[in-house]
Amino acid sequence: MTAPLVEAAPVASAPWLSPRLRRGLVLPLLLLIAWEASSHLRLVDPRFLPPLEAIAVTGWEEVWSGDLFLHLGASLVRNLTGFAIGSVLGIAFGLLLGLSPLAARIAGPSFHAAKQIAVLAWIPIISVWFGFAETAKVVFVAVAAFVPVALNTIEGVASAPKALVEVSDVLTFSRWQRIRRVYLPSALPSILTGIHLGLIYAWLATVAAEYFMTVGPGIGGLIIAGRERFQMELVMLGVVILGAVGFLLNHIATLIEARLLRWRA
């Protein structure tokens, strides 16, 4: 009598082995292999493109000395402070223009004209008004975060369904009830998108502020120090950290946005 055949339970694949992730890792791995091969085979002067192990050694030295944490902490504090200020002001300004036709007529044209100016063009003006110290850097980061948050808040308020607005009129909602129960829920997805973009722009502005304003603690200052000493290992270490932190901030913002908007499913 033959034993019944028992099908083996399928082995659940680990998330890091998913086909999508594997495909996404192909290009970065190829670039790293090409980078390492170019340095060791002298296809590129190692003084300009140091091998990966040299960058790792420099990174370990910076961690051991504590300098890396000092620079990274200064950049993150500067970034999050400016981002918080710019986001709060952007939401308030966006709600004002979205809910008040009078404010939209008065301030709207100036805002939509100013948003066309490249962010880096504000550095000379901010430097004259606030100097070159920490305050100027935070203000510059706040300006970079303000624009996408304000824009998306305005668009989110404008996208509130007219049927809901009419129902709130029938139910004689007060202005605050209408904002809290109609406009804010309708605008929330767009506001969160603006905050997500503001976080990305704020990190880019943090690096620009550290690079173009007075040199001080920060990843931008670390890169400048490596450039002045012609220590490309330090420069490339700074670039890698910038990319890693930017990726991490974007991933965290994506998770928070998905968590807050899970009700849409």
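All values below come from the heavy atoms of this structure, side chains included, with hydrogens, waters and symmetry mates left out. Numbers here are sequence positions counted from 1.
Residues satisfying the side-chain hydrogen bond (donor to acceptor under 3.5 Å, both in side chains) test with Glu155, not counting sequence neighbours, are none. For Phe230, the ring-ring contact (aromatic ring centres under 6.0 Å, His included) partners are Phe48, not counting sequence neighbours. With sequence neighbours excluded, the residues that form a side-chain contact (heavy atoms from CB on, under 4.5 Å) with Ile252 are Leu248, Ile256. Residues meeting the side-chain contact (heavy atoms from CB on, under 4.5 Å) test with Val77, sequence neighbours left out: Thr81. The side-chain hydrogen bond (donor to acceptor under 3.5 Å, both in side chains) search around Ser75 returns Glu210, not counting sequence neighbours. Partners of Asn152 under the side-chain hydrogen bond (donor to acceptor under 3.5 Å, both in side chains) rule, at least two apart in sequence or in another chain, do not exist in this structure. In terms of the side-chain contact (heavy atoms from CB on, under 4.5 Å) criterion, residue partners of Ile106 (sequence neighbours excluded) are, by chain and number, Leu102.
Between the CE atom in Met236 and the CG atom in Leu52 there is a gap of 9.0 Å [rounded to 0.5 Å]. In this structure, CD1 on Ile241 lies 4.5 Å from CD1 on Ile219, to the nearest 0.5 angstrom. Gln231 contributes atom CD, which lies 9.0 Å from atom CG of Leu222 (distance to the nearest 0.5 angstrom). Taking CD1 of Ile191 as the start and CG of Leu151 as the end, the distance is 12.5 Å to the nearest 0.5 Å.
When the side chains of ILVMFWY residues are joined at heavy-atom separations under 4.5 Å, either directly or via intervening members, Val240 and Val245 end up in two distinct hydrophobic clusters. A single hydrophobic cluster is seen to contain both Ile126 and Val128, as judged by linkage of ILVMFWY side chains at heavy-atom distances under 4.5 Å, directly or through other members. A continuous path of ILVMFWY side-chain contacts below 4.5 Å connects Val147 to Val138, so both sit in one hydrophobic cluster. Ile154 and Val157 are assigned to two separate hydrophobic clusters, defined by single-linkage of ILVMFWY side chains at heavy-atom distances under 4.5 Å. When the side chains of ILVMFWY residues are joined at heavy-atom separations under 4.5 Å, either directly or via intervening members, Val207 and Met232 end up in a single hydrophobic cluster.
Minimum heavy-atom separation, Ala114 to Trp122: O-CZ2, 4.3 Å. Closest of all the heavy-atom pairs between Ala54 and Pro50 is CB-CB, 4.4 Å. Across all non-hydrogen atoms, the minimal contact from Leu120 to Pro124 is O-CD, 3.8 Å. Contact detail for Arg229 and Leu234: the closest heavy-atom pair is NH2-CD2, 3.1 Å.
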What donor-acceptor contacts under 3.5 angstrom involve side-chain atoms of residues 59-71, with partners at least two apart or in another chain?
residue: Ser65; atom: OG; partner: Glu61; partner atom: O; Å: 3.1
residue: Ser65; atom: OG; partner: Glu62; partner atom: O; Å: 3.1
residue: Ser65; atom: OG; partner: Asp67; partner atom: N; Å: 3.4
residue: Ser65; atom: OG; partner: Asp67; partner atom: OD2; Å: 3.4
residue: His71; atom: ND1; partner: Gly218; partner atom: N; Å: 3.1
residue: His71; atom: ND1; partner: Gly218; partner atom: O; Å: 3.1

List, one per line, each side-chain donor-acceptor pair under 3.5 Å for residues 82-99, sequence neighbours excluded.
residue: Ser87; atom: OG; partner: Phe83; partner atom: O; Å: 2.8

Considering only distance and modelled atom types, tabulate donor-acceptor pairs under 3.5 Å from the side chains of residues 196-206, sequence neighbours left out.
residue: His196; atom: ND1; partner: Glu257; partner atom: OE1; Å: 3.0
residue: His196; atom: NE2; partner: Asn250; partner atom: OD1; Å: 2.7
residue: Trp203; atom: NE1; partner: Leu242; partner atom: O; Å: 3.2
residue: Thr206; atom: OG1; partner: Asn79; partner atom: OD1; Å: 3.3
residue: Thr206; atom: OG1; partner: Ala202; partner atom: O; Å: 2.7

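When side chains are defined from C-beta on, Phe140 counts as touching Val119, because their heavy atoms get closer than 4.5 Å.
Pairs passing the salt bridge (Lys or Arg N to Asp or Glu O under 4.0 Å) check and including a residue from residues 116-134, sequence neighbours excluded, read Arg78-Glu134. Listed by first and then second residue, the side-chain hydrogen bond (donor to acceptor under 3.5 Å, both in side chains) pairs involving residues 98-115 are His112-Lys115 (not counting sequence neighbours).
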